Amino acid sequence: MFNSRSRTATVTYAQPQPAVQQPYVAQYTPPPATAAQASAPRGGPYVPPANYGYAAVSPTAPAYTLDSGDRLRVVVFGQDGITNSYTVDAGGNVNLPLIGTVPARGTSTQQLAKSIADRLRQGYVREPHVTVEVETYRPFFILGEVTTPGQYPYVANMTVETAVAIAGGFSARASKKTVELTRNSTTQRMRGDVPLSYPLQPGDTIVVKERWF
C-alpha cells in the first residue's frame, strides 16, 4: 500500500493598496466681462473715453442764459425814457438810463428784469414793472465739412441738423452721424460729440468732421 501525504496549496492574497489622493487644484473662473470691457478693442488695456460733459444727451434744451451779442428789448411800464432795445456788451452788461450798468451775462431774462426793477426801486421808480425779451440772439458758428461754413444768426429751438441746413448742407466728405460741439458757459467750457438732433444754444460752435472711409 502506498502512503498518501496530503498537500495543502498555499494561496497568497494581495493586500489592498490605499488610494493615492490627488492634490486639489482650485479652478479660476473669471468674472463676467462688463459691457465696457466687452466693447474694448483687443490687444491692449481698456481706456475709458474722455468725458466732456455730454455723457447723457438731454432731449430738451437747457434754460437759456444771456451773453455778449444778445440784443434785448427792455420794457419799463410808464417809463418811455428807459423802454428801449439794448445789446449785451463785450463785458456781459447792459447800460440803461438812470441806473447805468447792469450785469446780464449768465442770467435769464427773468433774472435780468428783476435786477433792473431792484435798481429802479432805489429812488427812481416806486413800483417798477419790467419785462425783458430777447430781440436778437447772438450768432452760432459752424465749421468743417459743410457747404458754407461761417457765422449765422441763431433761430429759436434749432438743432444741429437745422444748423447744417442753414450752412448749405453736408459736403461730400462729411461724417453725418455726429458733430463736435463746443459750448462756453459762465463756469466752464464744454466740448464733445453730439447727434444731429441735439438742441443748440446761441454762441455754440459746431465742427462737422470728415468721414473716414
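All values reported here derive from a predicted model rather than from experimental measurement.
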Donor-acceptor side-chain pairing of [X] and [Y] below 3.5 angstrom:
| X | Y | value |
| --- | --- | --- |
| Ser68 | Arg105 | yes |
| Asn93 | Thr101 | no |
| Tyr198 | Asp193 | no |

Separation between [atom1] of [X] and [atom2] of [Y], rounded to the nearest 0.5 Å:
| X | Y | atom1 | atom2 | answer |
| --- | --- | --- | --- | --- |
| Phe140 | Ile206 | CZ | CD1 | 6.0 Å |
| Arg119 | Arg121 | CZ | CZ | 13.0 Å |
| Leu98 | Ile116 | CG | CD1 | 12.0 Å |
| Glu210 | Glu145 | CD | CD | 5.0 Å |
| Arg71 | Ser85 | CZ | OG | 4.5 Å |
| Arg73 | Thr131 | CZ | OG1 | 9.0 Å |

Give the cluster check for [X] versus [Y]: same hydrophobic cluster or not, with ILVMFWY residues linked at side-chain heavy-atom distances below 4.5 Å.
| X | Y | answer |
| --- | --- | --- |
| Val88 | Val102 | yes |
| Val75 | Leu72 | no |
| Tyr64 | Met158 | yes |
| Val155 | Val146 | yes |
| Tyr152 | Leu181 | yes |

Quiz prompt | All pairs passing ring pair (Phe, Tyr, Trp, His ring centres under 6.0 Å) where residues 153-176 contributes a residue, at least two apart | solution = Tyr137-Tyr154
Self-check item: side-chain contact (heavy atoms from CB on, under 4.5 Å) between Leu112 and Leu66, intermediate numbers included
Solution: CA-CA 9 Å; Leu112 180 58; Leu66 303 172; 3.7 Å; yes
Side-chain heavy-atom pair [X], [Y] within 4.5 angstrom cut-off:
| X | Y | value |
| --- | --- | --- |
| Asp70 | Thr136 | no |
| Asn95 | Tyr86 | no |
| Leu143 | Thr205 | yes |
| Val94 | Val74 | no |

Practice problem: May I ask you to decide if Pro103's main-chain N or O and Thr107's side chain share a donor-acceptor pair within less than 3.5 Å? | Solution: no
Quiz item: Would a distance-only check, ignoring hydrogens and angles, find a side-chain to backbone donor-acceptor pair under 3.5 Å from Thr65 to Gly106?
Solution: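 Checked: no pair found.
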Exercise. Mind listing the closest non-hydrogen atom pair of Val208 and Ser175 along with its distance?
Key: CG1-O, 4.0 Å
Quiz item: So, for Pro97 and Gly81, which heavy atoms are closest and what is the spacing to 0.1 Å?
Solution: CG-O, 3.6 Å
Exercise. Just jot down the side chain to side chain contact (heavy atoms under 4.5 Å, CB included) partners of Gln79, sequence neighbours excluded, or say none.
Key: Val76, Ile82, Val125
Practice problem: Let me see the working for Thr178 and Val194 under side-chain contact (heavy atoms from CB on, under 4.5 Å), right down to the final yes or no. | Solution: CA-CA 5 Å; Thr178 61; Val194 297; over 6 Å; no
Quiz prompt | Among Ile166, Val179, Leu196, side chain to side chain contact (heavy atoms under 4.5 Å, CB included) partner for Glu161 | solution = Leu196
Quiz prompt | Chi angles and distances behind the side-chain contact (heavy atoms from CB on, under 4.5 Å) call for Ile99, Tyr124 | solution = CA-CA 8 Å; Ile99 60 176; Tyr124 301 103; 4.0 Å; yes
Quiz item: Step by step, would you call Arg183 with Gln201 a side-chain contact (heavy atoms from CB on, under 4.5 Å)?
Solution: CA-CA 8 Å; Arg183 175 172 296 167; Gln201 287 191 4; 3.9 Å; yes
Quiz item: Above 12 or not: heavy atoms from other molecules or residues under 6.0 Å from CD of Glu135?
Solution: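 Yes, CD of Glu135 has more than 12 neighbouring heavy atoms, counting only those of other groups under 6.0 Å.
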